[in-house]
Amino acid sequence: MIEPMVSSESPLVIHDMTVAYGRKPVLWNIDYVAPARKLIAIVGPNGAGKSTLLKAALGMIPRQSGSAVFYGKPYAAIRPKVAYVPQRSSVDWDFPASALDVAVMGWYGRLGWFRPVNRAARTAALAALEQVGLGDVAQRQIGQLSGGQQQRVFLARALAQDADLYLMDEPFAAVDAATEQSIVSMLQLLRDRGKTTIVVHHDLQTVAEYFDELLLLNLRLVAAGAVSEVMTPQNLKATYGGQLSILDAVGQRMTFGPSGSK
Amino acid sequence: MSWLSYNSLLVLAGTTLLGAACGLIGFFLTLRRQALLSDVISHAALPGVALAFIVGEWLVPNGQRSVLWLAGGALFASAIAVMICSTLQRLRPLRGDAAFGIPLGGFLAVGVVLFSVVQQMPSGNAAGLESYLFGRAAALSTNDVFLLGGLAAGVLVVCLVCQKELLLVAFDPEHALAQGWPVARLDALLTAMVACICVLALPMVGFLLVVALMVTPPAAARFWTHRTGLMMAVSSLLGMLAAGAGTIVSGMSEQVPTGPAIVLFATLLFIVSAICGASHGWIHRWWSDRRQRSERALDDLLRNTYEAHEAAQDRQAALLPAGHDVAPEIKNAGVEGAGIELPVVYPPHLRETGLQALKRMGTSRGFLRLDSRGKWRLTTLGVQRAKAVVLRHRLIELYLIEHAEFPPDQGDRTADLLEHALGPHTVDELKEILRVDFGRGVVRSPHPLETNAAEAMAPK
């Protein structure tokens, strides 16, 4: 059988994954094989389930059905090789921690239980911060950093982990153009080193410029593949056009009962 | 009984230890944004204590109720309350605080009812329960203190051992979950430790005020530092100080219950921290604001002086017949500035009151000096600094005009506001973006200068 060989190469294989919040499904039957060593964008309208796709693949929210396999293994067996970068707005930036404190958290998995942060962890974290251009503000409290710098601190935390697959939730949200550029070149550098990055993205305009692969998502997978092949008017219309009102209405009914239908 | 007796010193040691534990665990609790949890736990402890008393009375009438037995009852009731809370939180139409408020009120009501039942019981030991309302540390026996203190120390150790994990979950639970840390179990551990400390602190502080001892020290610690480890230490230290001082005061006067005395000191420490805190305290902010204002005033003085001399040089150059050059002293000031000192030219709107302080500050920085004729001059260092300030101003001004499409006159005024916030890094970036010619060390102003140039031209 050739199939397992291929799947152990692919950083992420999602098979028939359906996810629901409460009783309302937000992702229907996703099938996706991520190509290795590529920069991949997940694009779709608000509420399309882009962030949910990442979280469900990582098992942070329960899947109703289906599976997600990383490098041919279940996530629990390969955690250190996968780095997750949540949305910047998901944490309290007044937290009493320095940029270095946050970056070091990427190394916690390696430290394990109860072991205090050691020099190796600090060195790795500092190197990661320098990589994203924050070496000189490593000791600064995270609340005193700009939005773009905060996003790069998150990036540094992922880099410190030294994973092979990076899953990023809206790293370009509310950052200035210069930061966006520096993050993009960072991601391209990662790709050149053989890493794979999957990014939840909101800007169709820049997809072709930044990414190799595109995954169009709106409650279901509309299309996936090389950007040039996927970015067709039909696919975009299928993603952004209001064709999914039926699916949405069914979801509503599953939540609130038949009376909630349109 | 003197408060210096062996027993009261022991009580003091026990309460300070518990105070430290409250401050430490409260630090993690507030970071996890679960401060209300300690409120629920302490309120639920009330019916727990009463129930344990009633059951004890039923099992062994008129027996001595050990602190541990009552604490066990409190812990049991708290555990039920916490479970109800987490169930309610998952219930769809309810949100956060309601899920906490409902069990809190319910348990308090049951507690008050049970307490009135206890008070009508014939047992003579019911009076001991009063201490659970507002705390009476002096009523604790030596054994009780060893027990409470020992358990508090145990929680303290667990807390310190797990601090890395607790902080991870408090900062970014999503990331922690993705990394495979058992977030729910770590949260449960934190809750369990909070419950233990709450219940242990009950006989000292009373159920109403335990929450204050958990929340106030970490809040006060925020004014002192923003480093994690230090804030943790400050928080436990403040908890310790409040508990110690409160115990001493209530030990000296039989009338004052321990709980209010301790919380009074905690509140006092909070106020002191808010005013004197080294990181965000009121005095610190006032001082750094003031400092920043004088920095700006000094920069303005330097820039004004430089621009006045620059304008004077230009005017002189325009008046001279072709082939002649301006006086080398003035020319060099504009071009190289090395080894050149310039007489100070005061900005037109400078207030007299701040001038002395400004001169003192400029002198201490080495930018200004008083010459032998009693005139103030910019030193060589001052001229260099003035150049940097002028350059900074003109770069941001040019940027505003060329890249942000400001009209030239507005660019100047907005640059006045922005220039002080520019760090060296931004200045470098501006140089790169604007690609200006640095032949003269500074760029020319994009608008005619309206400085009091005549003053700079005045004969010496």
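Since the structure is predicted, the reported quantities are computational estimates derived from the model, not experimental observations. Within every chain, numbering begins at 1; the chains are lettered A, B, ... in the order of the sequence lines, protein sequences first and strands thereafter.
Counting heavy-atom pairs under 4.5 Å between each of B:Gln179, B:Lys164, B:Arg222, B:Met232 and chain A puts B:Lys164 at the top.
Heavy atoms of other residues, nucleotides or ligands lying less than 6.0 angstrom from CZ of A:Arg191 number more than 12. Counting non-hydrogen atoms of neighbouring residues, nucleotides and ligands closer than 6.0 angstrom, the NZ atom of A:Lys38 reaches no more than 12 such neighbours. Counting heavy-atom neighbours within 6.0 Å of B:Arg285 CZ, excluding the residue itself, gives a total above 12.
With rounding to the nearest 0.5 Å, the separation of CZ in A:Arg63 from OG1 in A:Thr52 is 13.5 Å. Remark: B:Gln163 CD to B:Leu168 CG distance equals 12.5 Å, nearest 0.5 Å. Taking NZ from A:Lys81 and NZ from A:Lys73, the interatomic distance works out to 10.0 Å, rounded to the nearest 0.5 Å.
Looking at A:Val104, neither its backbone nor its side chain comes within 4.5 Å of chain B, counting heavy atoms on both sides. Contacts between A:Asp136 and chain B at a heavy-atom distance below 4.5 Å are absent for every atom of the residue. Of the atoms belonging to B:Ala170, heavy atoms from both backbone and side chain fall under 4.5 Å from chain A. B:Glu165 touches chain A through its side chain: at least one heavy atom from C-beta onward sits under 4.5 Å away, while N, CA, C and O do not. Heavy atoms of B:Leu166 lying under 4.5 Å from chain A are absent altogether. For a residue to count as touching a neighbouring chain, one of its non-hydrogen atoms must lie under 4.5 Å from one of that chain's; by this rule B:Leu230 does not touch chain A.
Residues A:Trp93 and A:Phe154 bring their aromatic ring centres within 6.0 Å.
Scanning residues 161-172 of chain A against chain B with a 4.5 Å heavy-atom cutoff picks out A:Gln161, ordered by number.
Nearest heavy-atom pair across B:Ser273 and B:Trp224 is OG-NE1, 2.9 Å.
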Just distance, no hydrogens or angles: give the donor-acceptor pairs under 3.5 Å from side chains in residues 25-38 of chain B, sequence neighbours left out.
{"from": "B:Thr30", "atom 1": "OG1", "to": "B:Gly26", "atom 2": "O", "distance (Å)": "2.8"}
{"from": "B:Thr30", "atom 1": "OG1", "to": "B:Phe27", "atom 2": "O", "distance (Å)": "3.1"}
{"from": "B:Arg32", "atom 1": "NE", "to": "B:Asp187", "atom 2": "OD1", "distance (Å)": "2.8"}
{"from": "B:Arg32", "atom 1": "NH2", "to": "B:Asp187", "atom 2": "OD2", "distance (Å)": "2.9"}
{"from": "B:Arg33", "atom 1": "NH2", "to": "A:Asp92", "atom 2": "OD2", "distance (Å)": "2.8"}
{"from": "B:Ser38", "atom 1": "OG", "to": "B:Ala35", "atom 2": "O", "distance (Å)": "2.8"}

